[in-house]
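Following: one structure in structure tokens, then a few remarks.
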Amino acid sequence: MSIQETIKNELNDAQQQAAFFGEGPLLIIAGAGSGKTKTLVYRVANLVDKGIPAEQILLLTFTRKAAEEMLKRASLILDHRCDNISGGTFHGFANTALRQYAQHIGFEPNFTILDRGDSEDLIKTIRKDKGLSSTDKRFPKKGTLASLFSKSTNTSTPIDKIVMSDYPQFLDFTDEIKLIETEYHHQKKLMQVMDYDDLLIRFLECVTQNPDIQQRFKAYYQYILVDEYQDTNSIQARLVKSILNETHNNITVVGDDAQSIYSFRGAHFQNIIKFPDHFPNTTIVKLEQNYRSTQPILDLTNAMIANATHHFSKTLFSENESDVKPEIIETVNDNEQSKFICKKILELREKDIPLSKIAVLIRSGWHSNDLELELKAHNLPFQKMGGFKFVETSHIKDVLSYCQIIYNPLDLISWTRLLLLLDGCGAAAAKKITSAIPANLHQLESIISNHKTKKYASDLLTLLKLVADPTTKTLKPSLILDRALTLYNPLFKLKYDDFHKRQSDIDSLVTIIDRFKTLDTMLTELSLDPPNTTQAGSDAVDREDEKLCLSTIHSSKGLEWHTVFILSAIDGYIPSFQSLGDIEQIEEERRLLYVALTRAEKELYIMKPNLDLSTSNHYKFSGMQFSNITRFLDQKIVSEYTNHQSSKPPKRNSNFSIPMDDDLTDPDTDLLYGKPYKSKKYLF
DNA sequence: GCGCACGGACTTTTT
DNA sequence: GTCCGTGCGC
Ligand SMILES: Nc1ncnc2c1ncn2[C@@H]1O[C@H](COP(=O)(O)OP(=O)(O)OP(=O)(O)O)[C@@H](O)[C@H]1O
């Protein structure tokens, strides 16, 4: 069957209009599960079929998971002609381009990429050097500074404006903050490193300062398509515009304003709404039929998003009739919630629903701690997406630092990290050594002369030799890792008492590294597409399709599962406690829940454990004591669109029956809405 | 100048 | 209950 016929078979009229659309700007704006990604992919197939070379079609999106899904679907319907489609994340694209063109803006192609921790380390040293750390407790710490800087670049807003709007408590330090930021930028260039934001802005800098390069990009890509456009911030929009051939304006963007969940990094749902303002002749296609979920699920999500303060005027309908309403499951505590989920998953398995078609969605990485233990206990294999990253664990970062300095010896952040591991070498000594590196790049070993008498002299010399040896970087990554581990192992065992547990991470790293052929692909990939090793359960089955998916809601965007559990859908978790002060942020949390609920095809379980939030320090000042179901599911919505049950809590968990304390929840009251915000006595 | 011990303030979400 | 930053003693 020809591609054209397939499209006619597979897509509805509106979808076909978009897929067959010819030249010029196109905006597909539609609700969840309406086939946006599917349409986008078929549009690509059609373009290739019409003879556009695949490599001249650029497919972009913000998150790795969405990019992966998009490319996976493309590869399924497209034949080998499409293997060469240029596609991935904005950061991945910028990185590839910069490896080629970085010299034009004063960077070598072997620049390395800073993760969040590296950025913070650099900021910390700058703050120390500038004498801005001591005594002043009110001065922002490194993490806050990193967020502030990132927000500033991502929203293209000057530092002082960000301080004023987001961090008014630091207004007195505005000048110092600006000073640190300037130095931060300066240092990154000296060290030939870029943070994630730099990848985008340095790319922009590169094309705007070099019209000939810009012209090359504009001439090369005939079509640019962006998925999940509502997650795009103005930097990314500018990036797209900078490489778009404006004589044709062949740009297609796809998204859903109701699913905009990245405002914390400068994305705004208005960006997609305003798209036609930037491209006046935009054709707009709206899709309203949902093909993913059953009608009862949509009834719930429609009702919930209709309560938003901004009106998202999309009511989805489905032809998937069903009389199974979403369930709200109340449990007495966190662990009962975990047990319920495990039990349910085992039942589903009986009904031949494979683990790969089930997902548990969480607001924040640690919410699933208890569940993970329970899943392990039930021997249910899972894969965790989002949240904590393996490559950001300190011992893994240690090991990777060896690789970074071998690849880019100017990366003084990694040098410092490794030097501090040496016994007797502290911040001052590390500073002295690293400051000698740039001038002695080609005779690194000479640096040892000033440190011969030190305790760490021999360790330092081995390290210098390893980096100075020009053959090291040409070795296979696994061999480089071998050499690094020879140096690291003794230090590692000294540094961590629990090195046994950490050793298994290092072993995983060795396995992961094995597939890389060169040092640069390895480092790039580990920064831009870090692997997850938090999978557990039976090691025997390593097939991805045999695993349950445990994912943050953010990382679940664009994906779908037969059955979805929303873990801990309680106020303070979603909406998250720290969003509560700001109406815009609370509304974003609503969209987040909307994204979560709309991932479900057939069955949806909304979990509501009764947690005692007052035991967690974090919630001490929130005035919350007992958990309530998320405010986005009010009584009317719950009673109309869901089934609500308590999972039979054990009436007594002791052999003694004692009088109930009035301060504790009365088991007979409605736990969903009863006994809300109790003030803690912290005021006394 | 380094390493350690004690006290404080917090634990979203992604690239 | 933890992680980070400071201050003190060696
Ligand atoms: N015309 C159609 N006929 C049958 N199934 C369809 C059709 N369009 C889409 N689907 C199916 O509906 C599901 C959702 O599609 P898709 O993921 O493309 O939606 P989406 O709009 O991108 O969703 P989201 O906004 O959540 O990312 C997929 O399983 C897809 O195969």
Side-chain angles (χ1 to χ4, degrees), chain A residues 60-67 88-95 113-117 119-121 124 127-128 133-144 146-147 150-151 153-154 194-201 228 231-233 235-236 260-267 361-367 369 385-389 391-392 394 419-420 422-432 454-456 494-495 524 526-530 551-557 568 572-580 585 588-589 591-593 595-596 615-622:
Chain A
L60 291 172
T61 192
F62 169 59
T63 61
R64 296 182 287 121
K65 265 283 161 284
T89 63
F90 285 97
H91 292 85
F93 168 77
N95 172 68
I113 300 170
L114 301 185
D115 67 15
R116 178 59 183 248
S119 306
E120 290 182 4
D121 286 349
K124 187 171 100 181
R127 201 178 68 166
K128 271 235 177 69
S133 62
S134 55
T135 59
D136 236 325
K137 286 220 164 66
R138 302 150 60 90
F139 198 81
K141 31 189 181 189
K142 58 190 169 89
T144 316
S147 307
S150 179
K151 182 108 189 214
T153 38
N154 277 304
M194 296 195 199
D195 61 26
Y196 289 120
D197 297 334
D198 288 333
L199 289 173
L200 304 184
I201 56 170
E228 310 286 5
D231 295 333
T232 302
N233 62 29
I235 304 279
Q236 289 153 341
S260 170
I261 54 173
Y262 282 102
S263 71
F264 71 91
R265 49 169 295 289
L361 303 185
I362 53 187
R363 168 72 247 259
S364 158
W366 55 271
H367 289 171
N369 286 350
M385 308 192 312
F388 199 76
K389 286 190 199 73
V391 283
E392 287 175 13
S394 73
L419 293 171
L420 289 177
L422 305 180
D423 197 23
C425 183
K431 179 113 224 283
K432 197 169 163 211
K454 298 284 173 22
K455 202 165 156 192
Y456 50 83
L494 281 176
K495 202 84 194 166
T524 303
L526 289 182
S527 335
L528 296 181
D529 198 4
S551 173
T552 57
I553 300 173
H554 282 88
S555 302
S556 73
K557 179 79 95 47
S568 301
Y573 277 36
I574 180 165
S576 77
F577 168 59
Q578 41 276 79
S579 72
L580 295 180
Q585 283 190 53
E588 174 144 318
E589 301 280 313
R591 295 192 292 270
L592 202 47
L593 183 61
V595 169
T615 55
S616 156
N617 262 345
H618 184 219
Y619 293 96
K620 267 225 171 87
F621 298 96
S622 70

Parallel, tilted or perpendicular: ring planes of A:F62 versus A:Y262, cut at 30 and 60 degrees: perpendicular
Nucleotide B:dT12, atom P - distance to CE of A:M385 in whole Å: 21 Å
Salt bridge (charged side-chain N to carboxylate O under 4.0 Å, His left out) evaluation trace for A:R116 with A:E120: CA-CA 6 Å; A:R116 178 59 183 248; A:E120 290 182 4; 2.7 Å; yes
Euclidean distance, A:L528 CG relative to A:T89 OG1, rounded to 0.5 Å: 6.0 Å
Any side-chain heavy-atom pair of A:I201 and A:I235 under 4.5 Å: yes
Per A:A429 side chain, nearest of listed nucleotides B:dC2, B:dT13, B:dT15: B:dC2
Closest nucleotide among B:dT15, B:dT12, C:dG5 to the A:K142 side chain: C:dG5
Residue-phosphate contact under 4.0 Å: A:S555 side-chain N/O, B:dT14 OP1/OP2: yes
Sugar-phosphate, base or nothing in reach of A:E120, heavy atoms under 4.0 Å: nothing
Sugar-phosphate only, base, or nothing, as touched by A:G92 at under 4.0 Å among non-hydrogen atoms: nothing
d(CH2, A:W366; C1', B:dT13) in whole Å: 13 Å
Comparing A:Q585 and A:C425 on DNA chain B - which has the more 5′ nearest nucleotide: A:C425
Euclidean distance, atom NZ of residue A:K557 to atom P of B:dT13 [Å, nearest integer]: 16 Å
Between P of B:dT14 and CG of A:L199, the distance in whole Å: 18 Å
A:Y262 aromatic ring stacked with six-membered ring of B:dT13, 5.5 Å and 30°: no
For A:E588, the option from A:S263, A:S579, A:S576, A:S260 that meets side chain to side chain donor-acceptor pair (under 3.5 Å): A:S263
salt_bridge(A:K557, A:D231) N-O dist < 4.0 Å: yes
Euclidean distance, atom NZ of residue A:K151 to atom C1' of B:dT15 [Å, nearest integer]: 16 Å
Sugar-phosphate only, base, or nothing, as touched by A:T552 at under 4.0 Å among non-hydrogen atoms: sugar-phosphate
Between C:dG5 and B:dT12 - P atom distance, rounded Å: 16 Å
Shortest side-chain distance from A:A428, nucleotide among B:dT11, B:dG1, C:dG5: B:dG1
Phosphate-side-chain proximity, A:R64 and B:dT15, N/O vs OP1/OP2 below 4.0 Å: yes
Heavy-atom neighbours of A:K454 NZ exceed 12 at 6.0 Å: yes
Residue met sooner reading DNA chain B from 5', once A:E588 and A:A430 are mapped to nucleotides: A:A430
Touch class at under 4.0 angstrom, heavy-atom based, for A:D195 against every strand present: nothing
Spacing of the C1' atoms in B:dT14 and C:dC3 (rounded, Å): 22 Å
Nucleotide of B:dT12, C:dG5, B:dT14 approaching A:K124 most closely (side-chain heavy atoms): C:dG5
Closest to the A:K389 side chain, choosing from B:dT15, C:dG5, B:dT11: B:dT15
Pair assignment for C:dG7, Watson-Crick or G-U wobble, requiring both distances under 3.5 Å: B:dC4
Separation of B:dT13 C1' from A:L361 CG (nearest whole Å): 13 Å
Nearest to side-chain heavy atoms of A:H91, which nucleotide of B:dT13, B:dT15, C:dG5: B:dT15
Selected nucleotide, minimal atom distance to A:F62 side chain, candidates B:dT13, B:dT15, B:dG3: B:dT15
Per A:E589 side chain, nearest of listed nucleotides B:dT15, B:dT14, B:dT12: B:dT12
A:K141 NZ to B:dG7 C1', straight-line distance once rounded to whole Å: 12 Å
Distance in angstrom units between A:N369 CG and B:dT12 P, rounded: 14 Å
